[in-house]
Amino acid sequence: MQFEVWAPQAGRVTLECDGVTRALRPDPERSGWWTGEAEAVDGTRYGFAVDDGPVRPDPRSRRQPDGPDGLSAVVDQDRYDWRVPWPGRPLPGAVLYELHVGTFTAEGTLDAAAGRLDHLARLGVTHVELMPLCPFPGRHGWGYDGVSPWAVHEPYGGPEALKRFVDRAHGLGLGVVLDVVHNHLGPSGNYLPEFGPYFTERHHTPWGAAVNLDAPGSDEVRAYLVGSALAWLRDYRLDGLRLDAVHALADTRACHFLEELSTAVDALAADTGRPLFLIAESDLNDPRLITPRREGGLGLHAQWNDDFHHALHTALTGESQGYYADFARDPFAALSRTLTGGYFHDGGYSGFRGRRHGRPLDRARVPAHRLLGYTQTHDQIGNRAQGDRLAAVLSPGLLACAAALTLTAPFTPMLFMGEEWAAGTPWQYFTDHTDPELAEAVRRGRRREFAAHGWAEEDVPDPQDPATRDRSCLDWSEPQREPHARVLAWYRELIALRHAQPDLTDPDLADIRVAQDAGAGWLAFRRGDVRVAVNLGPGPAAIPMGPRPARVLAAWEPVSVPGADGVLEVPGESCVVLSQE
């Protein structure tokens, strides 16, 4: 078997394979690369040593059986016998479901999660979006401090378990999207700097030195990240990738890394005949991110839209701290603005940032499905001091209104696991760092962060306490009990309605009309022949809908169609979806 590694500054590189050490030779055709051969089969352990230093895992390791600090293992990607032919499932018309493998079930494995996929198929979602799977220290964590970006966390089940999960999902008609992190690697088990200039001091990020995308040696670093992305899509038959915090990718080159990545993914899609897509998490509100390359954009296929979340959250909860402040001044107006324009921050002044932010989105050119809309995400729950979900503070009626707005809005909807039944379990920040100093630093940093916002230290969960993770696991007995069962039935009804009504997947943002009365607590909008009305106030609201005949498509509480005066009476904390032709 051929082994290879990029180590451009090394004078000597050795391979340790199955306990035997061999010297590698420089590749005459690729500068900085070292190659050699050794007998190996699936599971063979190996690693590399640079200039007679310690043996380290392969930067392109497909498997780390003993965690980030152990030797790598050979993976025969052809060994798995795929059972389900899969033509792919595109993003337009999708409903995504964000899932964390380690807390979706108490077992916290890919196989256990696969055993619950029937629930998602019955729910009606189209794609499962898995939070990061790359190896990280210990057993439990969010996954954003992972290393070895070509490998699957061993406690989740490793590479074959991911293939079984994808096969099972595809068999149920579900696409699979994976969250990947290109903007940094975790602090523990990150040996890339020993091999080459994977990081640069030219730029700094919240995690330290930036990934090297534009300094000397960056050609290989970019190829490393693009290769990792393609490997997930190709070897595991994934349908798309979610790119974490792309605003933290510091790149001054004329061809941005994201453009290079989107070009490669589109080429793989053409080669495989499957629709593949990239979804960015971005704080920039820059439509060039999701504009096709032929029109001067970077060519990503969609992005998370935090503006919709923030507007909806402030309207539901009244919270106004931090980045909610800009939206809390007039939540209903903010919600109206995002429903019709995509972004709230589109070049105007942001008080939270103390400057102008964003740029307008051209509604005639950008289809609405390129923006993801959501009520809750791992970030918006887990980065709260106690990881409390909306279900902890809102009535079932207000949760139903949030669901109606998210699942009938023009954006591609995304749910966070358990949201569909108003899960009573929190989702907290938890880690399992094996380095005692790092563990203590994370613990103190978390408590210090929230102490600045008035939280008592003892009220902030200890990320390293196993109970913090255990509290965050879904309780699968809840969907059979009230009020959870009713909320679940409502989500199923709304998702089925979205699939059945073409107007609800119409990508034309310019065709949406919104009316609202913040004082009375209601908002209504039109999408083709479909009308959506939500009443967030405690008492009934009279909402003018016009004189045309209507029929109720879905309602949280019983309502009558508008009378001759065209006024719809909606009970407090309730919502209704109508067809009005």
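What you see below is based on every heavy atom in this structure, not just the backbone, and it leaves out hydrogens, waters and symmetry mates. Please read all numbers here as calculations on a predicted model, not as lab measurements.
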Do [X] and [Y] come close enough that some side-chain heavy atom pair is under 4.5 Å?
X    : Y    : answer
H247 : N285 : no
R359 : P287 : yes
F308 : L371 : no
L415 : L123 : yes
L241 : L261 : no
W34  : F48  : no

Would [X] and [Y] pass as an ion pair if we require N to O under 4.0 Å?
X    : Y    : result
R469 : D432 : no
D42  : R63  : no
R79  : D76  : no
R253 : E260 : no

State whether the side chain of [X] and the backbone N or O of [Y] hold a donor-acceptor pair below 3.5 Å, judged by distance alone.
X    : Y    : value
T412 : H369 : yes
K163 : Q77  : yes
S228 : P149 : yes
S472 : T468 : yes
N190 : L192 : yes
D239 : V176 : yes
W476 : F104 : yes
H357 : D283 : yes
R274 : L233 : yes
D51  : G11  : yes

| Within a reach of under 6.0 Å around CD of Q2, are more than 12 heavy atoms found that belong to other residues, nucleotides or ligands? | yes
Of the non-hydrogen atoms in [X] and [Y], which two are nearest, and what is the gap between them?
X    : Y    : value
R89  : G173 : NH1-O, 2.6 Å
C473 : G102 : SG-O, 4.2 Å
A423 : L474 : CB-CD2, 4.2 Å
G124 : H499 : O-NE2, 2.8 Å
A223 : R60  : C-NH2, 4.5 Å
P197 : Q9   : CD-NE2, 4.0 Å

Taking atom [atom1] of [X] and atom [atom2] of [Y], what is their separation to the nearest 0.5 Å?
X    : Y    : atom1 : atom2 : value
W142 : Q428 : CH2   : CD    : 10.0 Å
L243 : L300 : CG    : CG    : 6.0 Å
L99  : T105 : CG    : OG1   : 9.0 Å
D346 : D286 : CG    : CG    : 12.0 Å
D167 : L162 : CG    : CG    : 10.5 Å
S188 : H433 : OG    : NE2   : 7.5 Å

Among side-chain atoms of [X] and [Y], is any donor-acceptor pair under 3.5 angstrom?
X    : Y    : value
T109 : E107 : no
R293 : T263 : yes
T35  : E4   : no
D266 : H301 : yes
D307 : T338 : no
N183 : D244 : yes

side-chain contact (heavy atoms from CB on, under 4.5 Å) for R164 and D111? Distances and angles first, verdict last. CA-CA 7 Å; R164 291 192 295 269; D111 284 334; 2.9 Å; yes
With Y97 as partner, the option from E129, E420, H127, E419 fulfilling side chain to side chain donor-acceptor pair (under 3.5 Å) is E420
L96 vs L91, side-chain contact (heavy atoms from CB on, under 4.5 Å): CA-CA, chis, key distance, verdict:
CA-CA 9 Å; L96 277 66; L91 185 63; 4.1 Å; yes
- request: Determine, stepwise, if the pair F416 / W427 fulfils ring pair (Phe, Tyr, Trp, His ring centres under 6.0 Å).
  value: CA-CA 10 Å; F416 181 69; W427 201 76; 5.5 Å; yes
Parallel, tilted or perpendicular, judged at 30° and 60°: which one describes the rings of [X] and [Y]?
X    : Y    : result
Y323 : H310 : parallel
H184 : W207 : parallel
W86  : H170 : parallel
F430 : H100 : perpendicular

Exactly one of L225, L298, V211 clears side-chain contact (heavy atoms from CB on, under 4.5 Å) with F257, and that residue is L225
Query raised in the report: Could you walk me through whether D179 and E281 pass the side-chain contact (heavy atoms from CB on, under 4.5 Å) check?
Result: CA-CA 10 Å; D179 194 338; E281 179 197 21; over 6 Å; no
**OP:** Before giving the answer on ring pair (Phe, Tyr, Trp, His ring centres under 6.0 Å), spell out for H378 and Y144 the whole-Å C-alpha distance, their side-chain angles and the decisive distance to 0.1 Å.
**Re:** CA-CA 11 Å; H378 77 273; Y144 293 95; 5.0 Å; yes
**Message:** Quick one, T375 with T406, criterion side-chain hydrogen bond (donor to acceptor under 3.5 Å, both in side chains). Give me CA distance, side-chain angles, the key distance, then yes/no.
**Reply:** CA-CA 7 Å; T375 308; T406 301; 2.5 Å; yes
### Message
Evaluate Y236 against W82 for ring pair (Phe, Tyr, Trp, His ring centres under 6.0 Å), listing each step before the verdict.
### Response
CA-CA 10 Å; Y236 296 95; W82 291 94; 7.8 Å; no
- Starting from the C-alpha separation in whole Å, work towards a yes-or-no answer on ring pair (Phe, Tyr, Trp, His ring centres under 6.0 Å) for W6 and Y198. CA-CA 10 Å; W6 181 61; Y198 282 90; 5.4 Å; yes
Check your understanding: Which is it for E98 and Y374 under the side-chain hydrogen bond (donor to acceptor under 3.5 Å, both in side chains) test, yes or no, and what are the steps along the way?
Key -> CA-CA 10 Å; E98 190 185 19; Y374 35 85; over 6 Å; no
| message | Set out, in order, the CA-CA distance, both residues' side-chain angles and the distance that settles side-chain contact (heavy atoms from CB on, under 4.5 Å) for L71 and E16, then state yes or no. | response | CA-CA 9 Å; L71 290 175; E16 180 179 303; 4.0 Å; yes
